[in-house]
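Hydrogens, waters and symmetry mates are skipped; everything else that's a heavy atom, side chains included, is used. Small disclaimer: the values here were computed from a predicted structure and weren't measured.
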2 protein chains.
Amino acid sequence: MTTSNPTAEIIGGPERFLEAELSQQIQFLTARARAKGSAKGNEALVDLGLKVRQYSTLSLAASGLKPTQRELGAFLDLDPSQIVALVDFLEKRGLVAREVDPRDRRSKIIIATEKGLEIHDEATKRLLIAEGESLKNLTSDEQEQLRELLLKIAF
Amino acid sequence: MTTSNPTAEIIGGPERFLEAELSQQIQFLTARARAKGSAKGNEALVDLGLKVRQYSTLSLAASGLKPTQRELGAFLDLDPSQIVALVDFLEKRGLVAREVDPRDRRSKIIIATEKGLEIHDEATKRLLIAEGESLKNLTSDEQEQLRELLLKIAF
DNA sequence: TATTGTTATACTCTATAACTATA
DNA sequence: TATAGTTATAGAGTATAACAATA
């Protein structure tokens, strides 16, 4: 019945819930945007064997800022044990290396290898394309506005 | 050493990673914003025994739009089995009821009970306060801009 | 034959506490 | 005594497939 009746299709489509007050809550919209975005992002990276979470870690390791594991955790909002797992993964793939911090031998600085830098460049390229698709309903100006607004609330 | 040297504190603070290119990617900022937002949201609801995911379901049940479980899944991007678990939880707490759709007895319409409506009102009030805190770095105009931009990309 | 809700199951993600080595 | 990283483990969240009732 539902499939044979086009009116029912329209009535039953999820768009009708746009009028629910939930759809006006910024937190809900943010959650939806990130769910769609990270799905698209993971899809863009699947051929490289990476997920967005792993990419974020690799990206900081490739930044030249020489993050320690603790700093990665603080910035990515992950606890130390999750960082260990992420760095283990990237290290086994030869994308990053652990270097002992000479100023504090308890700390380990995570640095991208040559291979890591290459994979990171390719991953960044693919992610920016995916980001463009996710934001295709926005003009360039709007994308810039969005970035600035998010920067003000993300940190 | 780190704690006794204020300079090291500043150098080592996570703010220094704001200059990493990762911090300019909208997807990353969106993920961070929602992580902070849903943490604050869950915190705001903890006294009501709800999480934001459960609130979303309750909110649609309270909207008067008479969603079926399938529609809830489509709109909230959750698969049917997750909806079952969510509705089970809310039903056991007496906040929603399952009603058989007279037009298709396979479907079940989820409707908030009186108690569900009350809890929903209180939860909404608390969430809006939490949202205000999350967005305290934005002016009212900026919050409205953000809502409109997110609406364009969230669906 | 297809769809809705359900159940079972496994997989990932996240959170916590205990351990080691360094400070 | 405190901190960085590690390990182990359990809990929450998510994804998949098979099933019964209905279309």
Side-chain angles (χ1 to χ4, degrees), chain A residues 1-5 8-9 12-14 31 34-36 38-39 42-43 46 49-54 56-57 66-92 96-110, chain B residues 1-5 8-9 12 14 31 34-36 38-39 41-43 45-46 49-57 66-92 96-110:
Chain A
M1 183 69 87
T2 304
T3 52
S4 60
N5 179 350
E9 276 287 333
R34 97 92 207 193
K36 283 188 66 173
S38 71
N42 284 328
E43 200 181 317
V46 71
L50 288 176
K51 300 191 173 182
V52 290
R53 172 68 50 84
Q54 296 156 349
S56 297
T57 308
K66 303 198 173 192
T68 65
Q69 292 192 189
R70 170 147 290 266
E71 288 176 317
L72 289 174
F75 192 67
L76 298 175
D77 253 329
L78 300 172
D79 67 67
S81 66
Q82 290 175 280
I83 298 295
V84 169
L86 280 166
V87 173
D88 280 352
F89 173 86
L90 295 171
E91 192 181 42
K92 272 170 195 152
V96 304
R98 285 175 161 98
E99 296 187 2
V100 173
D101 185 342
R103 296 171 305 178
D104 182 343
R105 289 186 306 171
R106 292 173 304 180
S107 296
K108 292 178 186 169
I109 294 171
I110 309 306
Chain B
M1 184 71 87
T2 303
T3 50
S4 61
N5 181 350
E9 277 287 333
R34 96 93 207 191
K36 282 188 67 173
S38 69
N42 284 328
E43 200 181 316
L45 296 182
V46 72
L50 288 176
K51 300 193 173 181
V52 289
R53 172 68 50 83
Q54 296 156 348
Y55 167 83
S56 297
T57 308
K66 302 198 173 192
T68 66
Q69 292 192 187
R70 172 147 291 265
E71 289 176 317
L72 289 173
F75 192 67
L76 298 175
D77 255 328
L78 300 173
D79 67 68
S81 66
Q82 290 175 279
I83 298 295
V84 169
L86 280 166
V87 174
D88 280 352
F89 172 87
L90 295 171
E91 193 181 42
K92 273 170 196 153
V96 304
R98 285 174 160 98
E99 295 187 2
V100 174
D101 185 342
R103 297 170 306 179
D104 182 343
R105 288 186 305 172
R106 291 173 303 181
S107 296
K108 293 178 186 169
I109 294 171
I110 309 305

Visitor: Could you write nucleotides 11-22 of chain C as a row of B, S and -, 5' to 3', where a protein heavy atom under 4.0 Å of any base atom gives B, of only sugar-phosphate atoms gives S, and otherwise -?
Guide: --SBBB-----B

Visitor: What is the distance, to the nearest angstrom, from the CZ atom on Arg70(A) to the C1' atom on dA4(D)?
Guide: 6 Å

Visitor: Rounded to the nearest angstrom, tell me the gap between atom CD in Gln69(A) and atom P in dT3(D).
Guide: 18 Å

Visitor: To the nearest angstrom, how far is Asp88(B) atom CG from dA12(D) atom P?
Guide: 16 Å

Visitor: Applying side chain to side chain contact (heavy atoms under 4.5 Å, CB included), can you list everything that pairs with Val84(A), at least two apart in sequence or on another chain?
Guide: Gln69(A), Asp88(A), Arg98(A)

Visitor: Are Leu86(A) and Gln54(A) packed together at the side-chain level, in the sense that at least one heavy-atom pair is separated by less than 4.5 angstrom?
Guide: yes

Visitor: Tell me the interatomic distance from Leu76(B), atom CG, to dG13(D), atom P, rounded to whole angstroms.
Guide: 14 Å

Visitor: With a 4.0 Å cutoff (strictly under), does any side-chain N or O of Arg103(B) reach OP1 or OP2 of dT4(C)?
Guide: no

Visitor: Can you list the residues that meet the ring pair (Phe, Tyr, Trp, His ring centres under 6.0 Å) rule with Phe75(B), with sequence neighbours excluded?
Guide: Phe17(A), Phe28(A), Phe155(B)

Visitor: For the pair Asn42(A) (side chain) and Val52(A) (backbone), establish whether a donor and an acceptor sit closer than 3.5 Å, ignoring hydrogens and angles.
Guide: yes

Visitor: Check the distance between dA4(D)'s C1' and Glu71(A)'s CD and give it to me in whole angstrom.
Guide: 12 Å

Visitor: Would you mind reading off the distance between Phe89(B) atom CZ and dG11(D) atom P, rounded to a whole angstrom?
Guide: 17 Å

Visitor: Quickly work out the Asp101(A) CG to dA4(D) C1' distance and round it to whole Å.
Guide: 11 Å

Visitor: If you pin Ala85(A) and Ser107(A) to their nearest nucleotides in DNA chain D, which one's is more 5'?
Guide: Ser107(A)

Visitor: I want to check something: taking the side chain as every heavy atom from C-beta on, are Leu50(A) and Phe89(A) in contact at a cut-off of under 4.5 Å?
Guide: yes

Visitor: Flag the pair Val87(B) / Lys108(B) as yes when at least one side-chain heavy-atom distance between them is below 4.5 Å, and no otherwise.
Guide: no

